[in-house]
Structure formats: structure tokens, C-alpha cells
Amino acid sequence: MIDVGNPTGGARVVKSTLITGLWSLALMALGWAMSGCGAVGADSGSTSRRAERLVITGSSTVAPLVAEIGKRFEASEGVRVDVQTGGSSRGIADARSGLADIGMASRALGAEEEDLAGFTIARDGICVIVHRDNALTELSDPQVVEIFTGRLANWQAVGGDEREITVVNKAEGRSTLELFLKHFALDNRDIAASVVIGDNEQGIKTVAGNPGAIGYVSIGAAEHAVARGVAIKLLPMSGVDASTETLSAGIFPLARPLTLVTHGKTSALAQRFINYAGSPAVYDLVRELSFVPAG
Amino acid sequence: MDRSIPWAALSGGRSSTSSRSADRLAATCVWIAAAAVSAVFFWLLSDLVRHGAGQLSWSFLVDAPSNAGRAGGIGPIVLSTAWILAIALGVSLPVGLGTAVLLAEVTSPEAIFGRLVRRSLDVLAGVPSIVFGLFGNAFFCVTLGLGFSILAGGLTLACMVLPILIRSTEEGLRAVPAEYRLGGAALGLGRFTILTRLLLPAATPGLVAGVVLGFGRAIAETAALIFTSGYVDRRPESVFDSGRALSIHIYDLAINIPGGERNAYATALVLVMILLLTNSVASWLGQRLRGQHLHS
């Protein structure tokens with residue numbers, strides 16, 4: 001656009017530039033004053049709190065559980081527990097850098113992570129489920145892979161009844177899906193899914209309503225459903241029964257530990273929290289989120 | 001005023017059957033495209049209402065979430081979201097307005113400085129929000145020491161919203177006829193007076209469009225906030241507390257919480273309602289402001 005507001009020449013330009021400049025300066029000053037005052041307020045506010053604030057970051061699978069445990073811990077200890085998500089790697093990095101008092105990881109610590117201390121607070125395990133009327137009692141790992149990739153389309157091929165197989169898969173982004181794919185070394189694109197479901201309850205309902213269906217859900221949720229009389233059956237995995245007992249004993253293969261991670265010397269408060277997070281006082285919270293207590 | 005193109009007049013006397021059927025085909029395509037866009041919106045809205053309306057109640061809006069968000073309400077989360085948005089818009093509006101005025105009224109379109117600013121704004125507008133999130137985390141949370149806080153989240157969103165706000169305000173200012181400036185100058189008004197009494201009121205539609213777009217982008221933001229304002233669903237006591245935004249709550253309920261779908265739908269419904277409400281308030285306010293200034 002042409003500079004039409006400038007009929008009297010250069011003086012006007014200088015003046016208006018000055019005005020704009022002054023305006024921006026005033027704004028910046030205002031912003032600085034606000035943030036300055038705020039910062040002072042924050043410092044005085046948080047020195048009293050900082051000692052009692054526990055920052056926990058990491059895995060988005062573990063975060064909802066730890067946030068709930070944190071609320072209960074806050075109530076009993078009178079401290080603040082701030083839980084942030086961002087993934088297991090971030091939890092481990094933050095624990096190392098000291099940004100977080102405790103990191104969260106949805107896996108066991110690896111060999112190159114010996115500088116860290118890990119505490120398993122719960123286990124997340126998934127099992128393959130079929131309809132209760134399915135004659136099958138066991139599936140080998142290769143058979144599971146062949147069924148989920150669509151190479152086997154009828155239950156007869158694995159010693160079951162003459163019935164078409166309906167593969168129930170999880171929606172993208174679910175941690176259960178990731179765990180399942182990783183265990184069987186599959187890619188989600190390879191899976192020939194007939195039905196895609198969201199949460200455990202939906203998966204259980206889908207399998208219970210279709211005698212030819214096969215799916216996988218969290219063990220805790222499946223056991224709970226069987227106890228309620230829902231028409232599903234949990235299949236053993238590599239000869240190990242799918243149950244919360246084998247899972248919490250750490251012998252069920254398709255599982256991962258939910259781990260709290262600390263680096264260096266653990267503060268007394270952090271240690272109290274870790275102990276609390278693994279104690280029977282929070283088992284109900286662990287089960288609510290379809291995990292299994294580690295103890 | 002009827003602005004539609006008089007197709008019949010344009011085709012003149014040579015309206016062969018083939019060109020008329022081509023017209024009809026084009027018209028049908030345009031109608032289908034428009035209908036599809038509205039259909040997507042209504043399908044989405046009805047899906048949200050169907051799954052979420054049952055959960056909605058006053059207590060859902062004011063209560064704190066419990067049981068990892070599956071029970072209770074979203075009170076603290078609405079509050080955190082409001083604070084984050086207030087900071088984002090409170091910071092980006094004055095800065096954006098100032099920059100837009102500079103770009104549209106002070107520098108000429110060809111000036112190197114203006115071109116540089118404009119180019120960098122266009123690039124910024126296309127930067128993925130996760131990049132803003134990581135930048136916000138590194139700069140506001142770590143370097144400035146704000147930590148995971150509502151302030152850090154709001155400032156990160158302000159950076160994200162600025163390009164949209166500036167560009168549409170600038171377009172609004174440029175759309176004001178040159179006669180306004182000439183007329184104002186002829187009356188001996190100063191440039192500041194012309195700007196505040198004539199140009200800005202006339203450019204209000206552009207500003208309002210920018211605010212609406214920016215607000216929409218900000219309230220829907222997840223990736224930029226997860227590393228800045230954070231995940232804590234406690235009622236925030238100050239802007240230095242971490243506070244969970246609505247979009248993060250929806251994401252968490254939908255992805256990480258078994259049995260969280262119902263409340264995820266209800267929260268999404270609340271978010272869409274806030275968006276619709278603010279959009280209508282903004283356009284109504286825009287109309288009013290514009291009318292007042294131009295007719296006083």
C-alpha cells in the first residue's frame with residue numbers, strides 16, 4: 001500500500017515511526033513490569049513450597065496412574081506432586097538432568113541405563129481373548145501372528161471349529177497395541193483387522209458378542225470381565241496362564257513393568273513417594289487403570 | 001447487494017446445450033463441495049452431542065476430575081484453559097496489532113524490512129505446533145525459569161497465534177480504501193488519529209477474523225502445551241502453576257485412560273461450545289465496534 005497518510009513529507013514519517021516506536025516500548029515496559037512483578041511473587045511463593053514439591057515426568061501410560069497416586073499422597077503428606085507427561089525417554093532424560101525428581105517409564109531399564117535406579121510399581125500385561133464357546137485352549141506365538149496377519153482365516157486351521165476368524169485390533173495410538181505389536185514383531189499395517197476398537201471394555205464386548213472373534217486386552221480388564229460372567233476366555237501365552245498372578249509374579253511374557261526412575265541420591269520425599277506408589281494403599285488405583293500391582 | 005455472477009447473461013446468445021450442461025455440472029460440484037463441508041461439521045457435532053451430552057451437567061463443569069478423569073468434572077481444567085488463553089491473547093493482541101499497523105501503514109509493501117517480517121511470519125504460521133512446544137519448553141520453561149506453568153503455556157501459544165493475528169489484521173488494514181487516508185489527511189487529521197478513528201475501526205473485520213482463527217488454534221492446541229503448561233489437573237493458584245488444558249485432557253482421556261471415552265466426548269463438546277460461543281461473541285462485538293466508530 002502506498003504511503004498515503006504522508007502528504008507533508010518526511011517529518012510525518014519520522015513522527016509516526018516515533019509514535020509506533022514509543023507505543024511498542026510502552027508495551028514492552030508493561031510486559032516487563034508484569035513479568036517482573038510476577039517473578040518476584042513466584043519466588044517468594046515457591047521458596048516455601050519448593051522443598052515440598054515433587055516433580056515427576058515421563059511415560060503417558062504411567063502418568064494417569066502416578067497422578068492419581070500423587071493426589072492420594074498429597075492428601076496424606078501435605079506436599080505437592082506435579083506429574084507431567086512426554087514419553088518414557090523424556091522421563092529418563094529428565095531424571096538424569098535433575099529436571100524431574102522421579103522419571104516414569106513404561107518399560108524395564110536397559111543395560112546402558114545402569115546409572116539409574118528403577119522401581120516397578122505395577123505391571124501392564126495383555127492377553128489374547130476368544131469367545132467362551134471357542135473350543136481352542138491354546139495358541140502358539142506363530143499361530144497368533146498368522147491369525148492377526150490374515151494368513152489363517154478359519155478356526156479349523158488351528159484345531160478349532162469350522163468358523164471364520166474375526167480379528168479385533170486396537171486403534172492406533174493405544175499403548176496396548178504398541179506392546180502387542182512389539183511382542184510379536186509385527187507392524188500395524190500387516191494386521192488384517194475386521195474390527196478396530198478403542199478401549200478394553202469395547203474389545204471385551206466385541207469378542208463376547210462374536211463366537212469367531214479373537215482380540216487382545218489388558219489382563220486385569222479381562223479377568224474382571226470373566227468374574228462378571230462375560231462370555232470370553234483368556235488364552236495362555238507360551239504355556240503361561242494369563243492371570244494377574246502370573247503377571248505380578250513377572251513370568252507372563254506379554255507384559256511390561258511400569259517403572260519409576262531416579263538418578264543419583266534419591267531424596268527422602270521421593271523415596272517415600274516411591275514406597276507409597278508400590279504399597280497396598282494404592283492397589284485399588286492400579287487396578288482401576290487395568291494394571292496389576294507389582295508386589 | 002446481489003454479487004452473484006449473471007451466468008446467463010455472460011453466456012450470451014451462444015448458449016449451446018453442451019455449455020449449459022457444463023454450467024450445471026459445475027454448479028452441482030460447487031454445491032456438493034459446500035454441502036460436504038457443512039456435513040462434516042454437523043456429523044462431528046452430532047457425534048459429540050450423542051456421546052457427550054449425557055455427561056454434561058453443571059457439576060461436570062465446576063467439579064474437579066477424579067479417578068483419572070473418568071469421574072468428576074473438568075472445573076480446574078476449564079479454569080487453566082481460560083488463564084492460558086487470556087495470557088496468549090493478552091500478549092499477542094497488542095503486539096500483533098502494533099506489528100500489523102507497522103506492516104500495513106508505516107512500511108511500504110516493497111520495503112525490505114516489511115518483506116522480511118512478512119516472510120518470517122508466513123513461515124512461522126506453518127511451523128508444526130510441536131516445534132512451538134519444544135521451543136516454549138526450552139525458552140520459557142528452562143531458560144526463563146518459568147517451569148511447567150500456565151504462563152509458559154500462554155506465552156508459547158502467543159508466539160503461535162501471532163502470525164495469524166498479524167497477517168489477517170494487516171490484510172484488514174490493506175482492504176481499507178485509500179480514500180479514508182486521503183480524506184483524513186485532507187481534514188488535517190494526524191496519522192495517529194486517522195489510524196485509531198478511521199483505519200482500525202474499518203479494519204475490525206480483519207482483526208476479528210484473526211482473533212477468531214487465533215483463538216481457535218490456541219484452544220485446540222495439544223502439542224504446544226504438553227511440554228509447557230503441562231498435565232497437572234489441580235486448580236491453579238497462580239499463573240506459575242502447571243495447569244492442564246481442555247485439549248490435553250481430551251487427548252489423555254481418549255488415549256491413555258481405559259474407560260475415559262465418555263468424559264473425553266463430554267469435554268470435547270464443552271470445548272466446541274466454548275469455541276462457537278466465543279466466535280459469535282467476537283463477530284457480534286466486531287460488528288458493534290465497527291458501527292459505533294464509523295457512525296459517531
Side-chain angles (χ1 to χ4, degrees), chain A residues 1-8 12-13 15-17 19-20 23-24 27-28 30-31 34-35 38-39 41-42 45-46 55 57 59-65 67-68 70-71 74 80-86 90 99 171 173-176 198-202 217-218 220-221 285 288-290, chain B residues 66-70 91 94-95 98-99 101-102 104-109 137 141-142 144-149 151 173-174 176 178-182 184-186 190-192 194-195 199 226-227 230-234 237-242 248 251-261:
Chain A
M1 186 63 57
I2 32 154
D3 212 348
V4 284
N6 180 24
T8 54
R12 268 281 159 81
V13 179
K15 199 178 160 200
S16 61
T17 319
I19 289 174
T20 318
W23 198 25
S24 339
L27 272 173
M28 283 198 289
L30 186 70
M34 274 171 66
S35 62
S46 59
V55 176
T57 70
S59 161
S60 58
T61 310
V62 194
L65 172 63
E68 283 302 304
K71 278 182 197 165
E74 276 175 354
R80 284 176 71 109
V81 181
D82 279 1
V83 178
Q84 307 291 352
T85 64
R90 189 169 185 91
L99 216 65
R174 296 274 166 175
S175 52
T176 325
D199 65 358
N200 287 317
E201 281 307 312
Q202 205 186 346
V217 293
S218 157
L285 297 176
E288 280 278 0
L289 284 156
S290 302
Chain B
S66 62
N67 196 4
R70 284 172 296 192
V91 170
V95 176
T99 315
V101 167
L102 179 97
E105 299 299 323
V106 181
T107 65
S108 77
N137 181 266
C141 299
V142 178
L144 295 189
L146 295 175
F148 283 98
S149 63
L151 186 61
L173 281 170
R174 284 189 190 286
V176 178
E179 285 79 6
Y180 279 48
R181 299 172 181 87
L182 292 171
R191 279 191 79 174
F192 189 71
I194 296 178
L195 180 69
L199 302 182
I226 197 129
F227 292 132
Y231 182 77
V232 174
D233 61 2
R234 200 187 296 114
E237 285 160 14
S238 76
V239 292
F240 298 95
D241 279 347
S242 168
I248 290 181
Y251 174 77
D252 194 50
L253 280 176
I255 296 291
N256 294 323
I257 315 281
E261 265 87 356

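Only this structure's heavy atoms are used, side chains among them; waters, hydrogens and symmetry mates stay out. All of these numbers come straight from a predicted model, not from anything done at the bench. We name chains A, B, ... by the order of the sequence lines, and we start the count at 1 in each one.
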Can you find a pair of side-chain heavy atoms, one from Leu289(A) and one from Arg70(B), that are under 4.5 Å apart?
yes
Nearest heavy atoms of Gly86(A) and Phe227(B), plus distance in Å:
CA-CE2, 3.7 Å
Shortest non-hydrogen contact from Arg90(A) to Asn137(B)?
NH2-OD1, 3.2 Å
Winner by heavy-atom pair count (cut-off under 4.5 Å) against chain A, out of Val142(B), Asn67(B), Leu144(B)
Asn67(B)
Specify the closest pair of heavy atoms between Arg234(B) and Val81(A), including all atoms of both residues, with the distance to one decimal.
NH2-O, 3.0 Å
List the atom of Val232(B), the atom of Gln84(A), and the distance in Å for their closest heavy-atom pair.
CG2-NE2, 3.7 Å
By a 4.5 Å heavy-atom criterion (distance strictly below it), what part of Asp233(B) contacts chain A: side chain, backbone, both, or neither?
side chain
Can you name the nearest heavy-atom pair linking Thr57(A) to Phe148(B), along with the distance?
CG2-CE1, 4.4 Å
CD (Glu261(B)) and CD (Gln202(A)) are apart, to the nearest 0.5 Å, by 6.5 Å
Exercise: identify the closest heavy-atom pair between Asn256(B) and Thr61(A):
OD1-N, 4.4 Å
Please flag which part of Ala63(A) lies under 4.5 Å from any non-hydrogen atom of chain B: side chain, backbone, both or neither.
both
